[in-house]
Amino acid sequence: MVVLMKIKNKLVLAFVSVAFIPVSLVAVISVMNTRTQAVDQFIDGSTREIRQIDGNIRQFFDGTLQNVDQMATDPVYTSINTLKNYQPADAASQPMPAEAQAVIERFARFGATHPAAAILSIGLEDGTYAKWPDDPQLAKYDPRTRPWYKAAMASPGKTVRTPAYYYDKDDVALVGTARALLENGKAKGVFVVSVSLKNLTELVKSIKLGESGYVMLIEDGVVLVDPRDAAHGFKPLKDLGAPYAHLADTPQGSTEVVIDGVRYMANVWTSPGLGWRYIGLIEQREVMAEATRMTYLTAIIVGVLVLIFGLIAAAFSKVIVKPIGQVSTGLQSIAEGEGDLRRELQVQGKDETAELAGWFNKFLAAIRQLIQHIGAASANLHNASKVNSEVAHNMNEAAGRQREAVELVSTAFNEMVATANEVARSCSGAAESAENGHRRVAEGKQQIEVTTDNVNRLGRRLTESSEAMAELEAGSRSINQIIGTIRAIAEQTNLLALNAAIEAARAGDQGRGFAVVADEVRALAKRTSDSTGEIEQLLGTLGSKTEEVTQKMGSCLDLSRASVASIESARDSFEGIQTSVNEIRDQNLQISAAAEEQHSVAEEINRHIQQIYDEARLVESLAHSAQDDSGRLSDLSDELNGLVGRFKS
């Protein structure tokens with residue numbers, strides 16, 4: 001959405017923007033510098049406090065270190081060979097050796113003059129041990145397993161400091177400083193002084209960074225001092241929550257965290273001597289309080305300056321816009337003066353508005369001349385539009401009559417085309433029927449030829465069968481001759497067998513076996529004679545049947561020859577029918593081709609008639625449109641005459 005503004009408002013907005021932008025940039029830069037200075041002041045101040053604390057702690061541990069070095073090299077302690085053994089479970093009931101008691105008394109005198117010393121002890125290689133203050137209930141204790149013993153024995157000749165640990169009996173945090181006891185250059189035990197960090201803890205807790213700030217003390221990721229929450233003591237810093245884990249991951253420098261909904265600025269600093277980490281925390285709003293106040297003050301100043309510049313801009317814009325307003329009033333009077341172009345603006349002065357009024361008067365003069373020419377042209381246009389309207393009306397009527405005539409011709413020709421189409425379809429049907437008759441005749445002729453061929457093959461097969469029957473009859477006669485021969489042989493055999501039987505009877509018992517054989521031969525000869533008779537009878541029957549079949553096959557052969565003659569006659573008739581059908585088919589094809597040609601020509605003529613009809617409708621439409629345009633042109637000329645008539649030139 002475009003917002004329309006007056007020149008006066010635009011000038012005021014431009015003046016205010018020119019003043020507001022640089023002032024705002026200066027204000028933003030000033031506020032950013034103030035906030036940066038606040039952060040730098042927090043880092044510098046907290047670092048000074050932390051360095052001072054670290055110096056006091058190192059001074060404290062340096063004193064303890066000197067005491068341990070001195071006592072660990074004292075012959076009173078290096079000459080000790082054994083102390084009390086606390087490893088047995090009943091160590092508490094065992095008496096204290098004199099040498100151990102003397103060591104404890106010396107420890108007590110040292111502790112009386114050094115209040116920070118919480119525990120003094122010696123552990124030897126044989127596992128014996130002495131401690132001040134003495135613990136009467138101590139048992140099952142081996143000093144050689146303690147971290148301070150292992151650390152000192154690992155670095156003989158050097159004083160080592162053990163990590164801080166919590167001593168629950170006295171409810172204090174302790175740090176051990178240990179050194180190996182050397183005799184003839186060989187370590188024989190460890191001397192350790194455990195000092196209390198209570199005073200140092202109170203010193204750290206007493207430090208205040210502003211109103212809400214404090215310092216945390218960390219060793220190897222474990223919280224030694226947290227003034228805000230004492231329950232965090234001797235707990236891993238990263239296990240206390242996400243903000244503390246972020247602090248644990250920050251090795252050095254400043255960062256920001258949110259603890260319990262309050263945003264804190266943090267300064268992490270690591271002691272180069274002790275290796276402990278100090279974390280200074282202070283609420284961000286306290287650090288940025290001065291910067292926030294400066295931000296509000298700067299915003300108020302910027303607002304006041306913008307208001308002052310706005311008033312000045314309004315005054316200047318009023319002076320600048322006044323001549324333009326006078327020109328606008330003159331133009332308004334001309335615009336509302338019912339189109340009187342003879343009125344002109346009054347030219348006052350020699351500034352840009354006066355030049356604008358002069359050039360506008362010249363523009364009015366040119367407009368007067370243009371209106372006069374437009375009036376004359378409008379009258380001519382009105383006359384021409386009337387003539388054009390009459391011509392368009394006549395053209396529209398002629399186009400309508402032409403369209404009606406073309407419609408009548410198109411209707412009649414469509415009916416003729418439909419008739420031609422019907423004739424073409426009938427011819428096509430007749431041609432198709434003739435083609436079917438031709439195909440059926442050809443199929444019938446083919447079947448006759450197949451039948452003729454089959455009958456001829458049947459005649460040949462009947463002739464071959466008749467010849468085979470004659471051969472069979474001749475074979476039967478040959479078999480009869482063979483059977484006569486066999487019968488004669490059987491009769492001769494029978495006579496021979498009879499003679500053999502007679503001879504056997506003459507021979508008596510000696511010829512009995514031969515008589516049996518003769519009987520068998522005579523029996524066989526009889527069976528052969530009987531079988532020969534049966535075969536002869538069968539052959540007689542076969543001969544009569546063969547003769548009967550031969551006669552019937554001859555009749556069939558005559559009948560097949562008569563069928564062949566009839567089929568030949570039928571084939572000649574089919575050939576005549578096929579010739580007639582071919583002639584009918586050819587004539588139908590010629591008629592169909594002529595009908596198709598007539599149909600194509602009719603369609604082409606019909607298409608041209610339709611095209612003429614479409615062109616006639618288009619001409620009618622154009623004529624009607626021209627008539628409408630002529631009417632609108634006449635109306636526009638009348639309207640133009642009315643508009644031109646409103647101006648007084």
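Values in this document were obtained by computation on a predicted structure and should not be read as measured data.
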Exercise for the section: Taking the side chain as every heavy atom from C-beta outward, state whether S121 and W148 have any pair of such atoms under 4.5 Å apart. Expected result: yes
Problem - Shortest non-hydrogen contact from V257 toward L281 - result: CG2-CD2, 4.4 Å
Problem - Any H246 side-chain heavy atom under 4.5 Å of T250 side chain - result: yes
Practice task
Of all the heavy-atom pairs spanning V39 and M265, show the shortest one and how long it is.
Solution key: CG2-CE, 3.6 Å
Handout entry: Steps toward side-chain contact (heavy atoms from CB on, under 4.5 Å) verdict (K235, D226)
Key = CA-CA 10 Å; K235 292 182 179 179; D226 185 359; over 6 Å; no
Fill in the blank from the handout: Between A91 and L138, the two heavy atoms sitting closest are CB-O, 3.9 Å
Exercise for the section: Please check if atom CD in Q252 has more than 12 non-hydrogen atoms from other residues, nucleotides or ligands closer than 6.0 Å. Expected result: yes
Problem - D249 backbone acceptor or donor facing K238 side chain under 3.5 Å - result: no
Exercise for the section: I would like to know whether I57 and Y278 meet side-chain contact (heavy atoms from CB on, under 4.5 Å); could you show each step before the answer? Expected result: CA-CA 12 Å; I57 294 176; Y278 299 87; 3.4 Å; yes
Exercise for the section: Nearest 0.5 Å please: distance from the CG atom of D220 over to the CZ atom of R277. Expected result: 10.5 Å
Exercise for the section: Please tell me if the side chains of V193 and H114 come closer than 4.5 Å, counting only heavy atoms from C-beta onward. Expected result: no
Practice task
Tell me, yes or no, whether the heavy-atom count around R285 atom CZ, taken from other residues, nucleotides or ligands under 6.0 Å, exceeds 12.
Solution key: no
Practice task
Just say parallel, tilted or perpendicular for the rings of F61 and W276, cut-offs at 30° and 60°.
Solution key: perpendicular
Completion exercise
The reported gap from CZ in R144 to CG in D142 (rounded to nearest 0.5 angstrom) is 4.0 Å
Practice task
Check the angle between the aromatic planes of H232 and Y244 and answer parallel, tilted or perpendicular using the 30° and 60° thresholds.
Solution key: perpendicular
Fill in the blank from the handout: Tightest non-hydrogen contact, residues G111 and W132, listed as CA-CH2, 3.7 Å
Problem - R161/L274 under side-chain contact (heavy atoms from CB on, under 4.5 Å): CA gap, chis, key distance, verdict - result: CA-CA 9 Å; R161 188 179 68 251; L274 299 175; 3.8 Å; yes
Exercise for the section: May I ask you to say whether D260 pairs ionically with R228, meaning some side-chain N is under 4.0 Å from a carboxylate O? Expected result: yes
Exercise for the section: Look at the side chain of Q284 and the backbone N and O of E256, then say whether any donor-acceptor pair between them is shorter than 3.5 Å. Expected result: no
Completion exercise
Rounded to the nearest 0.5 angstrom, the CD-OH distance for E283 and Y214 is 9.5 Å
Practice task
If the plane angle is over 60° it's perpendicular, under 30° parallel, otherwise tilted; pick one for Y129 and Y141.
Solution key: tilted
Handout entry: Passing option when Y149 is tested against T162, V190, V192 for side-chain contact (heavy atoms from CB on, under 4.5 Å)
Key = V190
Problem - Under 3.5 Å donor-acceptor, N67 side chain and G63 backbone - result: yes
Exercise for the section: Drop me the distance from D90's CG to K140's NZ, to the nearest 0.5 angstrom. Expected result: 10.0 Å
Exercise for the section: Fit a plane to each ring of Y77 and F107, take the angle between them on a 0 to 90° scale, and name the class: parallel (under 30°), tilted (30 to 60°) or perpendicular (over 60°). Expected result: parallel
Completion exercise
Separation between CG (L307) and CD1 (I312), nearest 0.5 Å, reads 10.0 Å
Completion exercise
Nearest heavy-atom approach of V160 to S155 is CG1-CB, 4.3 Å
Practice task
Before accepting this row, confirm whether a basic side-chain N of the pair D54/R58 lies closer than 4.0 Å to the acidic partner's carboxylate O.
Solution key: yes
Exercise for the section: Show your reasoning for whether side-chain contact (heavy atoms from CB on, under 4.5 Å) applies to Q94 and N85. Expected result: CA-CA 9 Å; Q94 298 295 326; N85 186 7; over 6 Å; no
Completion exercise
Taking every heavy atom of S79 against every heavy atom of K188, the minimum-distance pair comes out as C-NZ, 3.9 Å
Handout entry: T128 side chain to L83 backbone, donor-acceptor under 3.5 Å
Key = yes
Exercise for the section: Using a strict cut-off of less than 4.0 Å between a Lys/Arg side-chain nitrogen and an Asp/Glu carboxylate oxygen, indicate whether D134 and K84 qualify as a salt bridge. Expected result: no
Problem - Side-chain donor/acceptor of R179 to backbone N/O of A152, under 3.5 Å - result: no
Exercise for the section: Report yes if some heavy atom in the side chain of D229 is under 4.5 Å from a heavy atom in the side chain of L240; otherwise report no. Expected result: no
